[in-house]
Amino acid sequence: RVIAFDNPGSGKSSPVPAGVTMADLARATLALMDHLKIDAAHIVGRSMGGAVAQEMYFAQPNRIRTIAMAASLAKLDPIGDRLIRNMRDIIGWRKSWTEWAKVASPVFVSPKFFNENPDRMADIERLLGDESRDQVSYTNLANSILAYDALDRIGSIKCPTLIMAGRVDPICSMNSTQWMADRMPHAELVVFENSSHFFLMEEAPKAMATIKQWLTRHTP
């Protein structure tokens, strides 16, 4: 069974009108598990979701069977920090998701994908440019990512952990990824050599096979 949900401040979930932390988002996810009567689960978190997964483990480790992080972080490196700040500030300045999408979209995919897939990039920009997205929530979530630093704690994560990263991702960069891998010597690292932050889409067959094999191997 797969449960895919919108984090607070995203999609159809409630907005985030004030500051929030990754621990707050983790508590919300654990509360969802309570509501659905799920004692323990495999957690797959993309980008910010990987940081939420870490905080779920720190709060209630017995409920986390495995963690799989895709294009994620325990702390942004300087370029990742700058990019998140830029994207946060652009939406504050321009108040337009359509304009934001045109600025942000080249960061999310590799140059090769951007150049060779104009129709798909147009679809991505239409999705990112959805003007119904809550700008205040986005700003508060961006601030929570900028403030996040679990480098001194991730070594305590004992459950099986998979780290997946796009080789050319400037947001959750290979530098930031290596910080995690160095502190989690028993974690497995899979690098998507031709992709950026959206490697789940850019190299979808490899991504799906990697996640399926991971869950199969760790499911009794």
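- Side-chain contact between Met180 and Met69 is present, with heavy atoms from C-beta onward closer than 4.5 Å.
- Of the possible donor and acceptor atoms, none in the side chain of Ser47 sits under 3.5 Å from a partner among the backbone N and O of Ser72.
- Here Lys206 pairs with Val190, Phe192, Glu203, Thr210 under the side chain to side chain contact (heavy atoms under 4.5 Å, CB included) rule; sequence neighbours left out.
- To the nearest 0.5 Å, atom CD of residue Gln54 and atom CG of residue Leu73 are 7.0 Å apart.
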What donor-acceptor contacts under 3.5 angstrom involve side-chain atoms of residues 14-22, with partners at least two apart or in another chain?
from: Thr21; atom 1: OG1; to: Ala23; atom 2: N; distance (Å): 3.4
from: Thr21; atom 1: OG1; to: Asp24; atom 2: N; distance (Å): 3.1
from: Thr21; atom 1: OG1; to: Asp24; atom 2: OD2; distance (Å): 3.1

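- A search for salt bridge (Lys or Arg N to Asp or Glu O under 4.0 Å) contacts involving Arg94 returns Glu99, not counting sequence neighbours.
- Residue pairs meeting the ring-ring contact (aromatic ring centres under 6.0 Å, His included) criterion with at least one member in residues 10-67: none, sequence neighbours excluded.
- Of all heavy-atom pairs between Ser176 and Leu76, the closest is OG-CA, 4.3 Å.
- Pairs passing the ring-ring contact (aromatic ring centres under 6.0 Å, His included) check and including a residue from residues 120-158, sequence neighbours excluded, read Trp97-Tyr138, Trp100-Tyr138.
- Alongside Val2, the hydrophobic cluster contains no other residue (criterion: ILVMFWY side chains under 4.5 Å).
- Looking only at distances, a side-chain donor or acceptor of Gln135 sits under 3.5 Å from a matching main-chain atom of Lys95.
- Alongside Val136, the hydrophobic cluster contains no other residue (criterion: ILVMFWY side chains under 4.5 Å).
- Remark: the backbone N or O of Asp77 is not paired with any side-chain donor or acceptor of Asp81 at under 3.5 angstrom.
- In Asp6, the CG atom is crowded: over 12 heavy atoms of neighbouring residues, nucleotides or ligands sit closer than 6.0 Å.
- Nearest heavy atom pair, residue Ile67 against residue Ile64, reads CG1-CG2, 3.6 Å.
- Between Leu141 and Ser144, the shortest heavy-atom distance links the atoms O-OG, 2.6 Å.
- Listed for the Thr29 side chain is a donor-acceptor partner under 3.5 Å among the backbone atoms of Leu25.
- Residues satisfying the side chain to side chain contact (heavy atoms under 4.5 Å, CB included) test with Asn86, not counting sequence neighbours, are Arg82.
- One hydrophobic cluster holds both Leu36 and Phe5 under the rule that ILVMFWY side chains link at heavy-atom gaps under 4.5 Å.
- Contacts of Glu116 classified as salt bridge (Lys or Arg N to Asp or Glu O under 4.0 Å), with partners at least two apart in sequence or in another chain: Lys112.
- Between the Thr216 side chain and the Lys212 main chain, a donor and an acceptor come within less than 3.5 Å of each other.
- Although no hydrogens or angles enter the test, the distance criterion places no donor-acceptor pair under 3.5 Å between the side chain of Ser13 and the main chain of Gly9.
- Two different hydrophobic clusters hold Ile211 and Val52 under the rule that ILVMFWY side chains link at heavy-atom gaps under 4.5 Å.
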Run the numbers on Arg85 and Asp89 for salt bridge (charged side-chain N to carboxylate O under 4.0 Å, His left out), then give the verdict. CA-CA 6 Å; Arg85 289 181 190 276; Asp89 292 346; over 6 Å; no
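- With hydrophobic clusters built from ILVMFWY side chains whose heavy atoms lie under 4.5 angstrom apart, Met164 does not share a cluster with Ile171.
- Within the 3.5 Å criterion, the main-chain N or O of Arg120 finds no donor-acceptor partner in the side chain of Glu125.
- At a threshold of 4.5 Å between side-chain heavy atoms, the hydrophobic network of Ile, Leu, Val, Met, Phe, Trp and Tyr places Met56 and Ile38 in one connected group.
- None of Glu193, Glu202, Arg167, His197 except one satisfies the side chain to side chain donor-acceptor pair (under 3.5 Å) rule with Ser110; the exception is Glu202.
- Note: the hydrophobic cluster containing Ile163 also contains Met48 (ILVMFWY, side chain heavy atoms under 4.5 Å, direct or indirect links).
- For residues 52-63, the set of pairs meeting the salt bridge (Lys or Arg N to Asp or Glu O under 4.0 Å) definition, not counting sequence neighbours, comprises Asp34-Arg63, Glu55-Arg153.
- Every residue was checked against the salt bridge (Lys or Arg N to Asp or Glu O under 4.0 Å) condition with Arg65, not counting sequence neighbours, and none meets it.
- The stretch residues 127-142 participates, sequence neighbours left out, in no salt bridge (Lys or Arg N to Asp or Glu O under 4.0 Å) pair at all.
- A distance-only check finds no donor-acceptor pair linking the side chain of Ser173 to the backbone of Pro170 [under 3.5 Å].
- Taking all atoms of both residues into account, the shortest heavy-atom contact from Phe114 to Pro106 is CE1-CG, 3.8 Å.
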